[in-house]
Amino acid sequence: MFQKIANILSIASFVLITSTLGASYFGYKYLSSEQFKTKMMNEVLGGVSGMMPKVLEKGLPEMVQPSMDIPDGFGI
């Protein structure tokens, strides 16, 4: 009786490990594919382009702070 239970658990363990390894392999292949990279870049650029008009509507400042003078003695 114990032998049958041990065999069933062994087969179940083998199936579980094999399916985990297979899923990991195919998941890695998908995540490193050009199709996934393109999909993510389109998603990110879509979100960024939605924010850009709001930033550009504010415009650039009319005047920025004047540059600072570098004191002598720095070897420049």
Side-chain angles (χ1 to χ4, degrees):
M1 182 68 178
F2 177 74
Q3 186 69 32
K4 286 183 180 182
I5 294 172
N7 286 340
I8 291 171
L9 290 176
S10 175
I11 292 170
S13 175
F14 175 76
V15 169
L16 180 65
I17 289 171
T18 305
S19 64
T20 301
L21 289 174
S24 298
Y25 173 75
F26 287 112
Y28 172 76
K29 293 300 276 184
Y30 177 70
L31 290 176
S32 62
S33 70
E34 287 298 321
Q35 178 186 7
F36 181 75
K37 290 176 187 175
T38 304
K39 182 179 178 181
M40 285 296 109
M41 287 300 291
N42 289 339
E43 194 74 29
V44 168
L45 291 176
V48 170
S49 66
M51 291 186 289
M52 286 304 291
K54 295 175 187 173
V55 173
L56 294 176
E57 287 173 358
K58 294 179 183 176
L60 296 174
E62 293 294 324
M63 181 177 169
V64 294
Q65 185 177 10
S67 62
M68 295 175 44
D69 292 331
I70 300 175
D72 292 336
F74 283 105
I76 299 175

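Put simply, NZ on Lys4 and CG on Leu9 are 14.0 Å apart, with the number rounded to the nearest 0.5 Å. Here the CD1-CG distance, from Ile11 to Leu16, works out to 13.5 Å after rounding to the nearest 0.5 Å.
Annotation for Tyr30: atom OH counts as buried by contact number, over 12 foreign heavy atoms lying within 6.0 Å.
With sequence neighbours excluded, no residue satisfies salt bridge (charged side-chain N to carboxylate O under 4.0 Å, His left out) with Lys39. For Leu31, the side chain to side chain contact (heavy atoms under 4.5 Å, CB included) partners are Phe36, not counting sequence neighbours.
Side-chain atoms of Glu34 and Lys37, non-hydrogen and from C-beta on, do get closer than 4.5 Å to each other.
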